[in-house]
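If you're wondering where the values come from, they're calculated on a predicted model, not measured in any experiment. Reckoned from all heavy atoms, side chains included, excluding hydrogens, waters and symmetry mates.
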Amino acid sequence: MSIETWLSFCALVSLIVATPGPSVLIGMSHSLRYGPRPTMITALGDVTANMIQMVIAAVGLGALLATSVTAFGVVKWCGVAFLIVIGLTAILRKSKASKNYNDTETKIRTGFEPVRKRRLFSEGFLVAAGNPKAIAFFGALFPQFIDPSVDLWPQLVILGITFVIFDYTFVMMYALGAARLMPWLLKRGGKNTIGRISGGVLIVAALLLSLIDMPESVARTR
């Protein structure tokens with residue numbers, strides 16, 4: 001793969017992953033509720049699902065979701081339902097008391113809720129896996145940057161790793177931006193307000209996912 005081809009791929013991927021979608025929104029939601037550091041696990045779940053989707057696309061199964069209305073619909077609506085459930089849970093549940101911790105100068109109260117890493121990973125994974133257009137996207141995008149005259153798999157590995165790095169980076173950038181709102185939100189509405197906002201963000205993500213139609217061409221998937 002030439003450096004020019006790789007740079008072109010980087011430019012396209014940066015535009016795609018910079019567009020807020022379900023994965024970005026759940027990262028923002030988790031960052032508001034649990035803090036930016038735990039959200040790194042959410043982003044890891046997201047890119048793990050993406051890697052599995054890349055493999056599925058690479059072996060040709062992406063064509064199934066691109067052509068089967070039933071398969072596409074089942075995956076999409078399962079993803080929508082999952083986002084709605086965790087969104088409503090965040091809205092209706094009262095925040096747990098946060099823990100104190102020591103920094104280098106003084107004791108401060110974070111306002112963030114404690115959460116298990118397994119939950120963060122699974123929610124990040126399932127939201128990304130619930131986007132059926134991603135598989136069709138990978139199956140349509142990657143061939144545009146593949147040189148058929150050389151080995152296929154090394155090129156797929158390079159493209160896959162590049163996509164994962166960009167995706168993880170942008171999810172965390174949005175998450176860090178959301179976390180900066182925490183002090184302002186705590187002053188004006190308390191921790192329950194954060195739960196309602198983060199839940200609302202997930203409901204919006206569900207609505208965005210529900211609007212995805214059968215892919216006629218490569219479009220935004222994030």
Side-chain angles (χ1 to χ4, degrees), residues 13-36 38-50 53 65 72-95 111-113 115 119-137 166-186 188-215 218-222:
V13 167
S14 65
L15 293 175
I16 293 168
V17 299
T19 304
S23 294
V24 165
L25 292 178
I26 194 172
M28 293 172 65
S29 173
H30 281 185
S31 185
L32 276 172
R33 293 184 65 189
Y34 311 122
T39 305
M40 295 173 68
I41 306 298
T42 306
L44 181 61
D46 168 49
V47 296
T48 300
N50 285 161
Q53 290 166 329
L65 289 179
F72 190 92
V74 167
V75 174
K76 181 179 81 170
W77 290 110
C78 284
V80 170
F82 178 73
L83 283 168
I84 291 175
V85 168
I86 61 176
L88 290 176
T89 300
I91 291 171
L92 299 175
R93 196 184 87 178
K94 290 184 178 180
S95 297
F112 294 124
E113 299 179 35
V115 64
R119 177 179 176 181
L120 294 171
F121 182 89
S122 62
E123 290 189 358
F125 180 91
L126 290 173
V127 168
N131 186 352
K133 202 172 182 181
I135 297 178
F137 166 77
F166 272 86
D167 186 29
Y168 190 94
T169 300
F170 274 90
V171 169
M172 288 308 303
M173 285 174 61
Y174 278 100
L176 289 169
R180 287 182 174 274
L181 295 174
M182 173 63 79
W184 185 84
L185 292 172
L186 285 176
R188 285 157 179 79
K191 287 173 285 186
N192 289 330
T193 297
I194 294 168
R196 290 191 289 269
I197 292 175
S198 62
V201 168
L202 295 179
I203 299 297
V204 171
L207 293 176
L208 290 176
L209 187 57
S210 70
L211 296 175
I212 293 178
D213 296 320
M214 290 289 293
V218 177
R220 295 185 223 172
T221 64
R222 309 295 299 169

**Student:** Just by modelled atom types, is the L25 backbone N or O under 3.5 Å from a matching donor or acceptor in the S29 side chain?
**Tutor:** no

**Student:** So, for L120 and P38, which heavy atoms are closest and what is the spacing to 0.1 Å?
**Tutor:** CD1-O, 3.2 Å

**Student:** Using side-chain contact (heavy atoms from CB on, under 4.5 Å) as the criterion, list what pairs up with T169, not counting sequence neighbours.
**Tutor:** I165, M173

**Student:** Hey, are the side chains of L44 and M40 touching, using non-hydrogen atoms and a 4.5 Å cut-off?
**Tutor:** no

**Student:** Could you list the residues that satisfy side-chain hydrogen bond (donor to acceptor under 3.5 Å, both in side chains) with T42, not counting sequence neighbours?
**Tutor:** H30

**Student:** Which pair of heavy atoms, one from A175 and one from S31, lies closest together, and at what distance?
**Tutor:** O-OG, 2.5 Å

**Student:** Considering all heavy atoms of both residues, which atom of Q53 and which atom of A128 are nearest to each other, and what is their separation?
**Tutor:** NE2-O, 3.0 Å

**Student:** Working to the nearest 0.5 angstrom, can you tell me the gap between T48 OG1 and Y168 OH?
**Tutor:** 10.0 Å

**Student:** Where do S14 and F170 come nearest, in terms of heavy atoms and distance?
**Tutor:** O-CZ, 4.1 Å

**Student:** OG1/T39 to CG/L32 distance, rounded to the nearest 0.5 angstrom?
**Tutor:** 8.5 Å

**Student:** With I84, which residues qualify under side-chain contact (heavy atoms from CB on, under 4.5 Å), at least two apart?
**Tutor:** V80, L88, I203, A206

**Student:** Taking all non-hydrogen atoms of both residues into account, name the closest pair between D167 and V17 and its distance.
**Tutor:** CA-CG1, 4.1 Å

**Student:** Ignoring hydrogens, what is the shortest heavy-atom contact between V127 and S23? Give both atom names and the distance.
**Tutor:** CG1-N, 4.1 Å

**Student:** With rounding to the nearest 0.5 angstrom, report the CD1 to CZ distance, I26 to F125.
**Tutor:** 12.5 Å

